Amino acid sequence: MFRAKLPPWLVLLLPAFIIILAVVAIPLILSLYSSFTPYHLTRPDTLWKWTGSFNYIKAASDANFWKAFGRTVLLLTIALNTEMLLGLGLALMVSKVTRGQRALRTAMMFPMMFSPILVGFQFKFIFNDNVGLVNNALQSLGLTDVAIPWLVDGNLAMFAIIFAEVWTSTSVFAILILAGLFAIPQDPLEAAKVDGCTPWQSFRFVTLPFLMPFIYIAMAIRSLDVARAYDIVQVMTNGGPARRTELLWTLIGRTGYVDARMGYANAMGYIAILMSIGFTIYFFLKLQTARRELGMGEM
Amino acid sequence: MKGRVASSVLALAAGLGFATAALADGEYAGVTIEAKLIGGQQYEALYARIADWEKATGAKVNIISQKNHFELDKEYKADIAAGTTSWCVGSNHSSFAPQYPDLFTDLTPLVPAESVAGFVPANITAATINGKLTMLPRAQFDVSALYYQKSLYADPAKAEAFKTKFGYDLAVPETWDQFRDQAEFFAAPPNFYGTQYAGKDEAINGRFYELVVANGGKMFNDDMSPAFNSAAGKEALQWFVDLYKAGAVPPGTTNYLWDDLGNGFASGTIALNLDWPGWSGFFNDPAASKVAGNVGVAPAPKGSAGVRTGWSGFHGFSVTEGCATKEAAASLVDFLTNEDSQKLESAAGPLPSRTAVWAYVKDQAKADPYKTEVLAAFEETAKTAFPVPPTPYWIESGNLIFPELQAAILGDKTVDQALQDASDAVDSLMKENGVY
């Protein structure tokens with residue numbers, strides 16, 4: 001009886017190949033293929049109708065798509081930088097604490113432990129114009145006598161969403177930067193002190209360059225996170241009103257699952273992924289530069 | 001045991017007076033019906049009756065999914081895409097049903113004609129899509145009537161100030177123009193507002209739709225091309241814009257959905273509220289509502305064409321085309337929508353969809369003036385109610401229309417520009433899908 005003999009290395013790797021094929025490769029190829037069709041969830045036969053680049057051209061020429069794209073980049077830029085600055089401040093302060101630091105570090109991670117959906121509901125209530133905590137506090141303190149439409153005004157709504165994002169994820173930066181602070185060798189800091197550097201100069205020219213690789217790693221992780229922002233926004237505003245807070249994934253989610261236009265949604269998704277890839281490459285290049293400056297060599 | 005089952009079937013049959021043939025003793029023994037049902041406290045009482053049907057027929061019901069309709073809608077679409085439609089009974093809604101033309105089977109050959117004849121004819125018409133009776137309506141008929149705070153109309157100072165300003169007597173509004181005047185008159189933001197409206201998703205679309213119809217227009221032409229960019233459409237959208245600009249509605253109203261509206265009126269900060277029948281009990285419950293004892297209910301006002309608004313919908317049950325035991329599934333659907341089921345369900349407030357149950361519910365409410373007022377207002381509104389346009393693109397086109405309505409309300413676009421943009425977007429959607 002003939003038995004095919006596979007080389008041992010292939011036999012050992014086969015389970016991994018099969019799992020990657022089934023879980024990643026095939027769905028990816030199928031979704032890429034469907035982005036070239038008018039695939040509509042309720043009409044499965046549309047999956048076999050090839051329309052070429054129609055969906056991509058449609059997305060590229062849709063002003064609403066590009067506005068959502070721009071808004072996502074804006075959210076990413078503001079949220080990431082704010083989280084970085086706050087995280088850096090938090091980490092610097094926590095690193096100085098001598099007693100109860102462990103408890104502090106654990107407490108710092110609490111916001112990360114909440115489901116983003118619940119965070120969304122929490123901030124939706126806090127920023128509600130009629131019964132929300134913020135407006136009630138402002139009115140009780142006599143700071144305003146009008147109901148501020150936090151989740152309606154374009155700028156205020158984006159602020160509220162960014163606030164929720166920052167609240168929930170600043171600790172990602174803080175924890176990673178704290179790890180960086182612990183890894184800094186003490187010799188250069190002591191040498192700086194001996195040379196008469198001010199605390200600011202020590203921080204700016206010694207501590208910060210050592211922290212930059214950690215900051216860029218945190219940036220790369222969070223940029224992927226924020227670029228696919230969906231849950232908090234979906235709950236707080238669902239991209240509205242009047243598309244004022246529409247982000248890429250609220251638009252794509254609605255198109256794919258509510259409107260059932262999965263082919264078009266996938267095309268938009270692939271364009272959106274380009275943005276994530278772009279940001280990741282950017283942060284890794286910065287990371288490489290930062291490591292090179294520290295003499296850590298190429299990655 | 002068998003004797004008990006038989007006698008319970010007999011008792012049940014005597015109570016129903018129709019469709020008894022479907023519940024022959026043990027007729028479907030060994031059959032298991034997989035069902036996807038709408039979940040939520042207000043729907044659970046009816047599901048308790050499923051055990052009675054199981055006992056009578058010998059079949060078993062396995063509820064494999066329980067979600068709200070928006071989630072069920074996504075699940076049905078995923079099922080169609082994946083071809084996993086062999087489950088049998090699904091909750092359906094008249095607004096969603098046109099989206100799944102092939103998912104559900106025609107119930108006409110499966111349900112006794114006399115059972116179908118017992119429903120309000122307009123409901124059966126709305127449940128019939130492309131000639132197929134796709135669902136049987138349960139006692140969850142929805143149309144909106146006007147809830148208001150009675151005390152506002154009993155204050156002579158207010159009545160006089162109103163007459164001086166508007167030149168006519170202050171009385172519960174019968175037209176949407178009067179409604180706008182009064183909402184602006186009663187508003188005292190940020191603590192009290194004249195009214196509120198659902199401001200997003202299908203909710204604002206439905207409100208816009210019924211106002212367009214009340215103003216003498218329509219949403220779509222017969223070929224399903226958009227028809228709302230008309231004088232009637234502009235008048236309807238202007239109504240929303242005027243109320244927002246005047247500060248007569250809460251500034252966050254464009255983010256509100258049904259729960260926000262219900263809780264808002266119950267908080268006592270809203271004068272006039274167009275809302276669904278399901279809220280009537282909640283509004284008059286002293287434990288839940290600050291306006292309890294002060295709630296008046298009137299038929300929905302009329303638009304400029306003299307037509308009452310009446311966007312209506314109802315929940316129902318359907319049987320899938322892929323179900324292997326359609327007769328048993330249809331028997332369950334028939335059972336869950338029969339007179340006894342509807343009496344049970346409507347006892348908690350929702351409106352029935354069977355003619356005989358309407359009479360029963362009104363009779364039961366005789367001793368309760370509030371309930372009688374509620375039923376009278378909703379019955380009057382239901383007389384001229386109309387379902388959503390029969391197109392599978394109702395939800396999809398709505399997702400293109402509502403952001404434009406919001407843009408006009410918030411002042412990002414003019415009424416003309418918003419309706420033109422919405423109309424263009426819907427036109428290309430229809431063309432892209434080969435509708436015309």
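These numbers were taken from a predicted model, which means no experiment stands behind them.
- Looking only at heavy-atom pairs under 4.5 Å with chain A, the residue among B:Asp73, B:Asn433, B:Thr253, B:Asp102 that has the most is B:Asn433.
- Only the backbone of A:Val146 has a heavy atom closer than 4.5 Å to any heavy atom of chain B.
- Under the 6.0 Å cut-off for aromatic ring centres, A:Trp150 and A:Phe163 do not qualify, their centroids lying 6.0 Å or more apart.
- Heavy atoms of B:Tyr256 lying under 4.5 Å from chain A belong exclusively to its side chain.
- Proximity of B:Phe228 to B:Phe208: side-chain heavy atoms (C-beta onward) are separated by under 4.5 Å at one or more points.
- No other option in A:Pro44, A:Pro241, A:Ala260, A:Pro149 has as many heavy-atom pairs under 4.5 Å with chain B as A:Pro241.
- Proximity to chain A (any heavy atom under 4.5 Å) is restricted, for B:Thr269, to the side chain, taken from C-beta onward.
- With a threshold of 4.5 angstrom between heavy atoms, B:Phe70 does not approach chain A through any atom at all.
- Of the atoms belonging to A:Asp145, it is backbone heavy atoms, and not side-chain ones, that fall under 4.5 Å from chain B.
- Judged by distance alone, the side chains of A:Thr42 and B:Tyr100 never bring a donor and an acceptor atom under 3.5 Å apart.
- Neither the backbone nor the side chain of B:Tyr76 comes within contact range of chain A, judged by heavy atoms closer than 4.5 Å.
- Both the backbone and the side chain of A:Asp259 come within less than 4.5 Å of a heavy atom in chain B.
- Between A:Arg243 and B:Asp412, none of the side-chain N atoms (NZ, or NE/NH1/NH2) sits under 4.0 Å from a carboxylate O, so this pair counts as no salt bridge.
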- Derivation of the ring-ring contact (aromatic ring centres under 6.0 Å, His included) call for A:Trp167 and A:Phe123: CA-CA 10 Å; A:Trp167 180 85; A:Phe123 281 99; 5.6 Å; yes
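- Electrostatic pairing of B:Lys245 and B:Asp242 does not count as a salt bridge here, judged by no charged N lying under 4.0 Å from a carboxylate O.
- We find that A:Glu246 and A:Lys67 are not joined by a salt bridge, their nearest charged nitrogen and carboxylate oxygen being 4.0 Å or further apart.
- Of the N and O atoms on the side chains of B:Ser423 and B:Asn229, not one donor lies less than 3.5 Å from an acceptor on the other residue.
- Taking B:Leu410, B:Leu429, B:Leu405 one by one and counting their heavy-atom pairs under 4.5 Å with chain A, the maximum is reached by B:Leu410.
- Neither the backbone nor the side chain of B:Asp79 comes within contact range of chain A, judged by heavy atoms closer than 4.5 Å.
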